[in-house]
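See below for the structure under consideration.
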Amino acid sequence: MYVEKSRNWIFGLTLCASASAGDWTNHFSAIKENCSPSEIWELIDSAPKSLKKDIISSKESEAERGTVTNYRFKNATLFGSPFTRIEFRDESAADSITTIYFSDTRFMQALPQFYVKDQNGLIMHAGTERFWASLNPEKSHSGGLNAYSLAKHIEFPTESIPDLGGYYQMLFYPVLSYHYSFHFTKKNGYLSNTGAAAYGYFMNFDENQKIIRCQTRYFGAYDEEVNGTSD
């Protein structure tokens, strides 16, 4: 059950309706690379007054796990679509979810602009199926293998893209997961392990729900909501 607490002030500015549409696309361009919930929060915080006037309300709720904060917008656009709400779910230090809610599906055209950039600079865009492992530079000179002979990238067949249960097990495969992080891009988003054990970033476009969702998640706690990013 949520216990709601309304807030009428945000970042020192009175919340008010906007009479003209504000385009947040350029301000949010950074989320195209390795989208993370905290990054979206910080971008709202750093938005200029000309955009913050589109925020008409903010409400924080206490949930069973952590807190939920909703920002509601009026006359605001992002990636070619009007958007009405951004929801932040801060469930723990390792688990957080940000969802952007749109009024139509034109934002789907921005999907190929989102991408994973791994530790070695390899870029793979969402919307195409790729599955690969990247060598962790900070671990390339230790561990139980001759690290100097390891490839920076290992490409896997797309038909071997795992569900999250298989992905989670792979992260703990002896020796290999010590040296490598695993990433895959799919038709509606991506999943990227950053090299920290069992910790990763998810990004998902959902045309039916008209949302973009970015998540950080400890794999030991993955659930149906996260599993949806691997469809």
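The figures that follow rest on heavy atoms only: side chains count, while hydrogens, waters and symmetry mates do not. Everything numeric here is computed off the predicted structure, so don't read it as measured data.
Among residues two or more places apart in sequence or in another chain, the side-chain contact (heavy atoms from CB on, under 4.5 Å) test is passed with Arg106 by Ser81, Pro82, Asp104. Ala110 pairs by the side-chain contact (heavy atoms from CB on, under 4.5 Å) definition with Phe79, Gln113, Phe114, not counting sequence neighbours. Scored by the side-chain contact (heavy atoms from CB on, under 4.5 Å) test, Thr84 finds Tyr101, Ser103 as partners (sequence neighbours excluded). For Glu155, the salt bridge (Lys or Arg N to Asp or Glu O under 4.0 Å) test picks out Arg130, with sequence neighbours left out.
The line from CG of Asn208 to NZ of Lys210 is 9.5 Å long, rounded to the nearest 0.5 Å. From Phe88, atom CZ reaches atom OH of Tyr71 across 6.0 Å, with rounding to the nearest 0.5 Å. We find the OG-CE distance between Ser192 and Met124 to be 11.5 Å, quoted to the nearest 0.5 Å. The CD atom of Glu87 lies 8.5 Å from the OG atom of Ser61; values are rounded to the nearest 0.5 Å. The OG atom of Ser29 lies 13.0 Å from the CH2 atom of Trp24; values are rounded to the nearest 0.5 Å. With rounding to the nearest 0.5 Å, the separation of CD1 in Ile100 from CD1 in Ile212 is 5.0 Å.
Side-chain contact between Cys35 and Ile40: present, with at least one pair of heavy atoms (C-beta onward) separated by less than 4.5 Å. Using a 4.5 Å heavy-atom cutoff, the side chains of Asn188 and Asp206 are not in contact. Under the 4.5 Å side-chain criterion, counting only non-hydrogen atoms from C-beta, Trp132 is in contact with Thr185. Looking at Ile86 and Asn70, their side chains never come closer than 4.5 Å, going by heavy atoms from C-beta outward. Under the 4.5 Å side-chain criterion, counting only non-hydrogen atoms from C-beta, Asn204 is not in contact with Lys186.
The two residues Ile44 and Ile55 make their nearest non-hydrogen contact at CG2-CD1, 4.1 Å. Considering every non-hydrogen atom in both Phe131 and His183, the closest pair reads CD1-O, 3.3 Å. Shortest non-hydrogen contact noted between Thr25 and Gly80 is OG1-N, 4.3 Å. Between Cys214 and Met203 the shortest heavy-atom distance is SG-CG, 3.9 Å. Smallest separation of non-hydrogen atoms from Gly189 and Ala126: O-CB, 3.8 Å.
Using bins of under 30°, 30° to 60° and over 60° for the plane-to-plane angle, the ring pair Phe102/Phe107 lands in the parallel bin.
Cluster membership check: Leu122 does not share its hydrophobic cluster with Tyr115, using side-chain heavy-atom separations under 4.5 Å among Ile, Leu, Val, Met, Phe, Trp and Tyr. Under the 4.5 Å side-chain heavy-atom criterion for Ile, Leu, Val, Met, Phe, Trp and Tyr, Ile211 and Val68 are members of distinct hydrophobic clusters.
Counting only distance, with no hydrogens or angles, the side chain of Lys52 and the backbone of Asp45 share a donor-acceptor pair below 3.5 Å.
Pairs of residues two or more places apart, or lying in two chains, never qualify as salt bridge (charged side-chain N to carboxylate O under 4.0 Å, His left out) while including a residue from residues 110-120. Sequence neighbours left out, not one pair with a member in residues 24-39 passes salt bridge (charged side-chain N to carboxylate O under 4.0 Å, His left out).
Between the side chains of Asp54 and Asn75, no donor-acceptor pair of N or O atoms lies under 3.5 Å.
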